[in-house]
Amino acid sequence: MSLVDLLDAGAAFDAEYGDGLSNHRPMALLALQRLGADEARLATFAAHYQRKLRPAPPAQTWPAGDAWRSRLGELDAWPAYRDLFAQWLGSEAAGDVLAQTLPVLMAGCGAAAFHGLIRTAYAVQAQHAQELADALAYWACRWLDLGRDADLGARETDPASVLRRIPVPRGALPGKLIFQRMQAVAAVPGFGLAVARLRIDEATLPSLARGAAELYAASGNFTVLHLVTSAHALRVLLPFIEEPEAAVRSHWRACAAAWAASGAAPCPPVPRLPWPRIVARALASDDDHLIKLVDSCREQHQALAGGDVWQRAASRAVAAG
């Protein structure tokens with residue numbers, strides 16, 4: 001089956017499985033194809049992965065006249081949001097829909113540990129209308145409010161320097177899922193004032209991306225992995241956003257909360273592998289996160305300067321996998 005056929009079939013599955021885990025099937029399939037997987041490998045991965053998925057809930061119609069923002073953050077609204085975005089994309093070009101929705105969605109970009117953002121970016125690159133509708137619907141129904149930054153006339157330009165000043169809670173954070181721990185960090189007094197110190201400009205997102213890759217290369221931390229893939233996703237979507245600095249600021253705030261919640265610590269180094277070997281290991285893996293991490297690192301390596309950081313981060317992923 002082709003990627004398009006597999007994405008078509010993916011509409012039969014729910015956006016989550018288990019206890020709030022995100023369905024990575026469509027994202028991993030596109031990542032595998034971009035890494036060089038043939039149709040047989042794509043079909044094998046899809047069949048293996050979808051055994052843990054559950055059927056999509058019954059369809060719901062979005063009430064005519066209701067504002068699309070009215071149910072942000074309501075998980076049960078996914079079927080209705082699917083209908084809304086499918087209708088919207090049926091009447092307007094994808095770029096126009098993205099231009100209208102992304103500024104609002106980016107304010108809640110930590111949704112489901114950034115998976116709304118990441119799935120939307122993959123759907124845009126796949127140019128698949130139903131998958132884009134489902135991705136936007138997932139982002140909307142899991143939209144995550146982490147507060148807003150104060151305007152301090154920020155002058156700091158180094159995210160790492162600002163991160164060192166963020167109050168990190170002592171002890172275990174509440175919640176089993178990443179986004180729940182992010183919420184707990186964002187609620188700590190002083191968090192908002194700390195993250196507001198960073199000045200956002202055109203250099204911020206590349207800096208965040210490289211910093212996340214460096215930290216993942218050093219730690220292999222699972223939460224940090226999502227900072228790497230979400231920075232790649234935002235780079236893909238940024239051309240559709242009229243005010244990119246506002247979007248990057250929202251991403252920075254969510255990244256800061258995730259970093260503080262991650263508990264990332266250095267671990268023993270791993271050998272830096274050549275790209276062909278990294279890609280081969282990713283293609284042979286059924287680990288959705290590993291596949292996406294390698295894809296993001298290779299894409300970022302091609303798009304951004306930054307030495308061997310992307311190769312080292314991808315080497316860490318395949319060593320762990």
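Hydrogens, waters and symmetry mates play no part in the numbers below; they use all other heavy atoms, side chains included. Along the sequence shown, the residues carry numbers beginning at 1. Keep in mind the model is a prediction, meaning the values are calculated, not measured.
With hydrogens and angles disregarded, a donor-acceptor distance shorter than 3.5 Å links the side chain of R82 to the backbone of A11. Here the side chain of W259 pairs no donor or acceptor atom with the backbone of A264 at under 3.5 angstrom. Judged by distance alone, with hydrogens and angles left aside, the side-chain atoms of S161 form no donor-acceptor pair with the main-chain N or O of D158 at under 3.5 Å. With hydrogens and angles ignored, the 3.5 Å screen pairs a side-chain donor or acceptor of Q180 with a backbone N or O of L177. The backbone N or O of D66 sits nowhere less than 3.5 Å from a side-chain atom of S70 that would complete a donor-acceptor pair. Side-chain N or O atoms of S285 include none that pairs as donor or acceptor with a backbone N or O of A282 at under 3.5 Å. Proximity of a side-chain donor or acceptor of S219 to a complementary backbone N or O of L215 within less than 3.5 Å is detected. Between the side chain of S296 and the backbone N or O of K292, at least one donor-acceptor pair lies under 3.5 Å. A side-chain donor-acceptor contact under 3.5 Å links Q311 to the backbone of L273.
One finds the OG1 atom of T223 at 4.0 Å from the CD1 atom of I178 (value rounded to the nearest 0.5 Å). Interatomic distance, L163 CG to R197 CZ, rounded to the nearest 0.5 Å: 12.5 Å. Between the CZ atom in F114 and the OG atom in S22 there is a gap of 12.0 Å [rounded to 0.5 Å]. Distance check: E131 CD to Y122 OH gives 12.0 Å after rounding to the nearest 0.5 Å. I278 contributes atom CD1, which lies 10.5 Å from atom CG of L35 (distance to the nearest 0.5 angstrom). Remark: R25 CZ to L7 CG distance equals 7.0 Å, nearest 0.5 Å.
A231 pairs by the side chain to side chain contact (heavy atoms under 4.5 Å, CB included) definition with L205, A209, H251, Q300, not counting sequence neighbours. Scanning for ring pair (Phe, Tyr, Trp, His ring centres under 6.0 Å) contacts around W62 gives Y81, with sequence neighbours left out.
Note: the hydrophobic cluster containing I241 also contains L117 (ILVMFWY, side chain heavy atoms under 4.5 Å, direct or indirect links). Connection of L136 to F240 is established within a shared hydrophobic cluster, with ILVMFWY side chains joined at heavy-atom distances below 4.5 Å, either directly or through further cluster members. Under a hydrophobic clustering in which Ile, Leu, Val, Met, Phe, Trp and Tyr are joined whenever their side-chain heavy atoms come within less than 4.5 Å, directly or via other members, L75 and W78 fall into different clusters. A single hydrophobic cluster is seen to contain both I118 and L238, as judged by linkage of ILVMFWY side chains at heavy-atom distances under 4.5 Å, directly or through other members. Cluster annotation: L146 is not connected to V188 through the hydrophobic network of ILVMFWY side chains, with a link wherever side-chain heavy atoms come within less than 4.5 Å.
Between F222 and H226, the angle of the ring planes goes over 60°, which puts this pair in the perpendicular group of the 30/60° scheme.
In this structure, a donor-acceptor pair under 3.5 Å is present between the side chains of Q125 and R34. There is a side-chain donor-acceptor pair under 3.5 Å between H128 and D8. With 3.5 Å as the limit, one finds no donor-acceptor pair spanning the side chains of D96 and Q100.
Contact of the V185 side chain with the M182 side chain is not registered, since no non-hydrogen atoms from C-beta on lie closer than 4.5 Å. Counting heavy atoms from C-beta on, the side chains of L227 and L208 never come closer than 4.5 Å. At least one side-chain heavy atom of W275 sits under 4.5 Å from a side-chain heavy atom of R298. In this structure, the side chains of L72 and L105 come closer than 4.5 Å at one or more pairs of heavy atoms. Considering only heavy atoms from C-beta on, V309 stays 4.5 Å or farther from H301 through its side chain. Side-chain contact between W143 and D145 is present, with at least one heavy-atom pair separated by less than 4.5 Å. A 4.5 Å side-chain heavy-atom check between R316 and L293 finds every atom pair outside the cut-off. Residues W88 and D83 form no side-chain contact, since every pair of their non-hydrogen atoms from C-beta on lies 4.5 Å or further apart.
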Evaluate side chain to side chain contact (heavy atoms under 4.5 Å, CB included) for R119 paired with H24, printing each intermediate quantity in order. CA-CA 8 Å; R119 184 170 176 176; H24 287 64; over 6 Å; no
Go through it in stages, so that I can follow the logic: the residues are I200 and W252, the test is side chain to side chain contact (heavy atoms under 4.5 Å, CB included), and I'd like the CA-CA distance, side-chain angles, deciding distance and then a yes or no. CA-CA 9 Å; I200 305 297; W252 153 245; 4.3 Å; yes
With side chain to side chain contact (heavy atoms under 4.5 Å, CB included) as the test, would you mind laying out the steps for M106 and V248 before giving the verdict? CA-CA 8 Å; M106 278 304 304; V248 173; over 6 Å; no
Q33 vs L30, test: side chain to side chain contact (heavy atoms under 4.5 Å, CB included). Steps then yes/no. CA-CA 5 Å; Q33 185 196 58; L30 179 57; 3.8 Å; yes
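The neighbour count for Q302 CD, taken as heavy atoms of other residues, nucleotides or ligands under 6.0 Å away, is above 12. No more than 12 heavy atoms of other residues, nucleotides or ligands sit less than 6.0 Å from atom CZ of R277. The neighbour count for E74 CD, taken as heavy atoms of other residues, nucleotides or ligands under 6.0 Å away, is above 12. Atom CD of E243 has 12 or fewer neighbouring heavy atoms from other residues, nucleotides or ligands inside a 6.0 Å radius.
Smallest separation of non-hydrogen atoms from A80 and R71: CB-NH1, 4.1 Å. L89 approaches A129 most closely through the heavy-atom pair CD1-O, 3.6 Å. Scanning both residues, N221 and G263, for their nearest heavy atoms gives ND2-C, 4.1 Å. Listed here is the closest heavy atom pair of G220 and C267: N-SG, 4.4 Å. The two residues V162 and V195 come nearest to each other via the heavy atoms CG1-CA, 4.3 Å. Minimum heavy-atom separation, F45 to I291: CE1-CD1, 3.8 Å.
Taking the six-membered ring for Trp and the full ring otherwise, H115 and W139 have centroids separated by 6.0 Å or more.
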Show me the donor-acceptor pairs, under 3.5 Å and distance only, between side chains in residues 13-20 and residues at least two apart or in other chains.
from: D14; atom 1: OD2; to: R54; atom 2: NE; distance (Å): 3.0
from: E16; atom 1: OE1; to: R142; atom 2: NH2; distance (Å): 3.2
from: E16; atom 1: OE2; to: Y138; atom 2: OH; distance (Å): 2.7
from: E16; atom 1: OE2; to: R142; atom 2: NE; distance (Å): 2.8
from: E16; atom 1: OE2; to: R142; atom 2: NH2; distance (Å): 3.2

